[in-house]
Amino acid sequence: MLTDKANILCLLMILKEYSDADHVMRMGEITSKFKSLYGMTVDRRTIYGGIDLLLKLDYDIATYEETGKKGYYLREREFELPEARLIMDSLYSFSGISSKHTGDLVKKVQKTLSVYERHRYKNLVIAKPDMKTDNRQVFYNIELLDEAISDKVKVKFTYLEYGFDKKLKPRRPEKYLVNPYGLVCANEHYYLVCNYDAHENISHYRIDRIRDIEKCEEKIKRAPKGFNALDYTNKSIYMFGGETERVVLKCKNNILSDVIDKFGRNVGIMENEDDETFTARLDIAPAGLKFWAMQYLSCCEVLSPQWLRNEIIESIKGNEYQKV
């Protein structure tokens, strides 16, 4: 049973949950919530005193006089409505965290809103959930990598890539051992920027593809002189509207993960008899696909539709390099 000492906290929780600019709470509504939620009977003087104390503690509450003698509501929250919407939209569209973690984080953001504001987003869902990572170790990986970078020690991990069954599998049996230098966010993914002892060049790995990570005791090798993780990312890590159409691609096996990353695990994949290529079938607006395909000219061939194939051929013929 709650005592009078909990009055101020209960009042704050009621205002957080049930009040906003469109839902001003009258005195009777507040006392009713005390009874139904906490089994407490409070009088008007208790509410008046609680409001005064919350105001002194810098809680922005619209008072009885400010609301035209209608009641009270909590005016300022951790996130304004547009801010909360922006955060939730970003979480839904960010493919670097799992669907479950996305849902959990969205619920936490929504808890900063009133129940009425929260209700506005009950129909917001994850678009293309098959493009969300299945790796639930992402946040743990980030925390441990951040510690390792701060402590300047090496890390070991298993790195995953897609197989033809569209499931992530270890790229190789042995773990990677690297010198971690930085964590960056680009192209809707988190990356670890690192280096191997035997090489001078810098590498990067998607953190949602990392599993079974271990922090080592061995100190890292010093990063190359002048190295900056953000600058490295901007230089090294990298669609149009229209009617949807079936597009067929012939790709080399080494870009299988890239294809699934870009178009999701619902893309149709079939191994070819030459054991070196695969055929991908997808329904998409072809005009935008043209520019993606041209980034992979040495690894990807558009088989159909014929008009898109012809456009790419003409683009290759007409590019500036042909004029040299």
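- Within the 4.5 Å cutoff, no side-chain heavy atoms of T277 are placed close to those of E301.
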* Stepwise side-chain contact (heavy atoms from CB on, under 4.5 Å) check, E245 with L308 -> CA-CA 11 Å; E245 193 169 347; L308 178 60; over 6 Å; no
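- To the nearest 0.5 angstrom, I87 atom CD1 is 11.5 Å from Q110 atom CD.
- Hydrophobic clustering keeps I313 apart from V302 (ILVMFWY residues linked when any side-chain heavy atoms are closer than 4.5 Å, directly or through intermediates).
- Nearest heavy-atom pair across L11 and I47 is CD2-O, 4.1 Å.
- Closest approach of L192 to I207, counting heavy atoms only: N-CG1, 3.7 Å.
- Looking at heavy atoms from C-beta onward, D258 lies out of side-chain contact with Q295 at the 4.5 angstrom threshold.
- Under the 4.5 Å side-chain criterion, counting only non-hydrogen atoms from C-beta, E83 is not in contact with T112.
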* Can you list the steps and then say if I210 with T158 is a side-chain contact (heavy atoms from CB on, under 4.5 Å)? -> CA-CA 6 Å; I210 291 175; T158 299; over 6 Å; no
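- Two different hydrophobic clusters hold V24 and L81 under the rule that ILVMFWY side chains link at heavy-atom gaps under 4.5 Å.
- A salt bridge is defined here as a Lys NZ or Arg NE, NH1 or NH2 lying under 4.0 Å from an Asp or Glu carboxylate O, and K167 with D165 fails to meet this definition.
- The backbone N or O of F79 sits nowhere less than 3.5 Å from a side-chain atom of R77 that would complete a donor-acceptor pair.
- Remark: L37 CG to M13 CE distance equals 10.0 Å, nearest 0.5 Å.
- Surrounding OH of Y59 are at most 12 heavy atoms belonging to other residues, nucleotides or ligands under 6.0 Å away.
- Atom NZ of K215 sits in a crowded spot, with more than 12 heavy atoms from other residues, nucleotides or ligands closer than 6.0 Å.
- Across all non-hydrogen atoms, the minimal contact from I14 to I30 is CD1-O, 4.1 Å.
- Side-chain N or O atoms of N179 include one that pairs as donor or acceptor with a backbone N or O of N195 at under 3.5 Å.
- L105 is connected to Y140 through a chain of hydrophobic side-chain contacts under 4.5 Å among Ile, Leu, Val, Met, Phe, Trp and Tyr, so both are in one cluster.
- Considering CD1 of I149 and CG of L144, their distance stands at 10.0 Å, rounded to 0.5 Å.
- Atom CZ of R75 sits about 11.0 Å away from atom CD of E80, to the nearest 0.5 Å.
- Two different hydrophobic clusters hold L54 and Y73 under the rule that ILVMFWY side chains link at heavy-atom gaps under 4.5 Å.
- In this structure, V247 and P305 approach most closely via the heavy-atom pair CG2-CD, 4.0 Å.
- Ion pairing of E78 with K16 is present here, as a side-chain N (NZ or NE/NH1/NH2) and a carboxylate O approach within less than 4.0 Å.
- Taking the six-membered ring for Trp and thresholds of 30 and 60 degrees, Y64 and Y72 have ring planes inclined between 30 and 60 degrees apart.
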* To do: Show your reasoning for whether side-chain contact (heavy atoms from CB on, under 4.5 Å) applies to W292 and L289.
  => CA-CA 5 Å; W292 180 87; L289 180 68; 3.9 Å; yes
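- Sparse packing is recorded around CZ of R45, with 12 or fewer heavy atoms of other residues, nucleotides or ligands lying under 6.0 Å away.
- More than 12 heavy atoms of other residues, nucleotides or ligands shown are found within 6.0 angstrom of OH on Y196.
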* Walk me through it: do N310 and Q306 pass the test side-chain hydrogen bond (donor to acceptor under 3.5 Å, both in side chains)? => CA-CA 6 Å; N310 292 340; Q306 188 63 44; 3.0 Å; yes
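- Between L15 and S19, the shortest heavy-atom distance links the atoms O-OG, 2.5 Å.
- In this structure, N7 contributes its side chain and D4 its backbone to a donor-acceptor pair below 3.5 Å.
- With hydrogens and angles left out, the side-chain atoms of H23 and D20 include a donor and acceptor closer than 3.5 Å.
- When side chains are defined from C-beta on, L168 counts as touching Y162, because their heavy atoms get closer than 4.5 Å.
- Partner of Y205 under the ring pair (Phe, Tyr, Trp, His ring centres under 6.0 Å) criterion, chosen from Y159, Y181, Y191: Y159.
- Side-chain contact between V259 and L282: absent, with no pair of heavy atoms (C-beta onward) separated by less than 4.5 Å.
- With rounding to the nearest 0.5 Å, the separation of CG in L160 from NZ in K169 is 11.5 Å.
- Side-chain atoms of K154 never come within 3.5 Å of backbone atoms of E218 as a donor-acceptor pair (strictly under, hydrogens ignored).
- With a 6.0 Å radius and a threshold of 12 heavy atoms from other residues, nucleotides or ligands, E217 has its CD atom at or below the threshold.
- Taking 4.5 Å as the limit, some side-chain heavy atom of F164 sits within range of a side-chain heavy atom of I269.
- Checked against V178 for a side chain to side chain contact (heavy atoms under 4.5 Å, CB included), the options S203, C194, C216 give a single hit: C194.
- With contacts defined as side-chain heavy-atom distances shorter than 4.5 Å, the pair R209/S257 qualifies.
- Shown here is R222, whose CZ atom has no more than 12 heavy atoms of other residues, nucleotides or ligands within 6.0 Å.
- Here the CG-CG distance, from D52 to L57, works out to 11.0 Å after rounding to the nearest 0.5 Å.
- With K221 contributing its side chain and A198 its backbone, the two residues share no donor-acceptor pair below 3.5 Å.
- Residue pairs satisfying the side-chain hydrogen bond (donor to acceptor under 3.5 Å, both in side chains) criterion with at least one member in residues 24-36, sequence neighbours excluded, are listed as follows: K35-T41.
- Clustering ILVMFWY residues whenever any of their side-chain heavy atoms sit less than 4.5 angstrom apart, transitively, puts L177 in a cluster other than the one holding V193.
- In this structure, D104 pairs ionically with K100, as a charged nitrogen and a carboxylate oxygen lie closer than 4.0 Å.
- P180 places a side-chain heavy atom less than 4.5 Å from the side chain of I220.
- V248 and R281 make their closest contact through CG2-CG, 4.0 Å (heavy atoms, listed as atom of the first residue, atom of the second, distance).
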